[in-house]
S.K.: 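The structure's right below; bear with me while I get my questions together.
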Amino acid sequence: YEIGSGLVGSEMCKETVQTLSEIFPDVEFQYAYADEDLGSNVGKGTIRNGETDMTFPDNGSNDAFEIVFFVKPGLEEYLELTDEGYRWKA
């Protein structure tokens, strides 16, 4: 199995987990990712035997930030939920 071949970020994550699910078809893989642009470019999902079920919330949404907080524990102490969404604490 070849993994990687020039992919970066979420593409690399998806390809890696996809390949693992094909190697271990009876295992359900759950994964989430978030890049450095907080609240954007996030996703979470499961893969089993090559079958993918992914969630990609809208950038900046509360659901997106919930994935960020899961991937980067402790970050929520620096942000607060306002009427406009999550913002840095003053």
Side-chain angles (χ1 to χ4, degrees):
Y1 291 90
E2 181 178 335
I3 299 175
S5 61
L7 300 176
V8 295
S10 61
E11 293 173 349
M12 174 68 131
C13 180
K14 182 180 178 188
E15 182 178 307
T16 301
V17 177
Q18 180 74 34
T19 300
L20 288 170
S21 78
E22 292 166 4
I23 295 170
F24 304 103
D26 295 327
V27 176
E28 179 177 274
F29 292 88
Q30 298 179 357
Y31 72 101
Y33 65 89
D35 72 10
E36 69 281 356
D37 186 11
L38 296 180
S40 299
N41 306 317
V42 302
K44 70 176 182 177
T46 59
I47 296 181
R48 183 184 182 113
N49 194 23
E51 296 295 319
T52 304
D53 181 20
M54 291 293 300
T55 299
F56 304 102
D58 292 335
N59 289 339
S61 69
N62 291 349
D63 289 338
F65 273 94
E66 292 303 318
I67 294 172
V68 170
F69 298 149
F70 176 77
V71 172
K72 300 178 180 189
L75 187 61
E76 65 271 11
E77 71 181 78
Y78 300 103
L79 297 163
E80 62 186 349
L81 182 58
T82 69
D83 291 339
E84 293 86 36
Y86 282 96
R87 301 288 181 250
W88 290 104
K89 289 183 180 177

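Because the structure is predicted, anything quoted here is derived from the model rather than measured. Heavy-atom basis, side chains included; hydrogens, waters and symmetry copies ignored. Residue numbers count from 1 along this sequence.
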S.K.: Using a 4.5 Å cut-off on heavy atoms from C-beta on, say whether the side chain of Phe65 contacts that of Leu38.
M.R.: yes
S.K.: Is Phe70 reachable from Tyr31 through a run of hydrophobic residues whose side-chain heavy atoms are each under 4.5 Å from the next?
M.R.: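 Hydrophobic grouping puts Tyr31 apart from Phe70.
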S.K.: Can you tell me how far CD1 of Ile47 sits from CD of Gln30, rounded to the nearest 0.5 angstrom?
M.R.: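 Nearest 0.5 Å value for the CD-CD1 distance: 11.0 Å.
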S.K.: Minimum heavy-atom separation for Val42 and Gly39, please, with both atom names.
M.R.: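 Reported closest heavy-atom pair: CG1-C, 4.5 Å.
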S.K.: Which heavy atom in Ser21 sits nearest to a heavy atom in Gly50, and how many Å separate them?
M.R.: OG-N, 3.1 Å
S.K.: Output every pair passing ring pair (Phe, Tyr, Trp, His ring centres under 6.0 Å) with a member in residues 34-59, not counting sequence neighbours, ordered by first then second residue.
M.R.: none
S.K.: Gln18 and Thr52: which non-hydrogen atoms are nearest, and at how many Å?
M.R.: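 Taking every non-hydrogen atom into account, OE1-OG1, 3.3 Å.
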S.K.: Nearest 0.5 Å please: distance from the CD atom of Glu51 over to the CD atom of Glu22.
M.R.: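 Atom-to-atom, Glu51:CD and Glu22:CD are 10.0 Å apart.
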S.K.: First locate atom OG1 of Thr46, then atom CE of Met54, and finally report the distance between them rounded to the nearest 0.5 Å.
M.R.: 8.5 Å
S.K.: Is there a path from Tyr33 to Leu20 through hydrophobic residues (I, L, V, M, F, W, Y) whose side chains come within less than 4.5 Å of each other?
M.R.: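 Both belong to a single hydrophobic cluster.
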S.K.: Work out which heavy atom in Pro57 is nearest to a heavy atom in Asp63; give both atom names and the distance.
M.R.: CB-CB, 3.8 Å
S.K.: What are the two closest non-hydrogen atoms of Ala32 and Lys44, and how far apart are they?
M.R.: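 Nearest pair, atom of Ala32 first, then Lys44: CB-CB, 3.8 Å.
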S.K.: Which pair of heavy atoms, one from Val68 and one from Ala34, lies closest together, and at what distance?
M.R.: CG2-CB, 4.0 Å
S.K.: To the nearest 0.5 angstrom, please state how far the OG atom of Ser40 sits from the CG atom of Asp58.
M.R.: 10.0 Å
S.K.: Only pairs under 3.5 Å count here: list side-chain donor-acceptor contacts from residues 83-90, not counting sequence neighbours, and write none if there are none.
M.R.:
residue : atom : partner : partner atom : Å
Tyr86   : OH   : Glu66   : OE2          : 2.8
Arg87   : NH2  : Glu84   : O            : 3.0
Lys89   : NZ   : Glu77   : O            : 3.0

S.K.: Using 0.5 Å steps for rounding, measure from the CD atom of Glu28 to the CG atom of Asp53.
M.R.: 9.0 Å
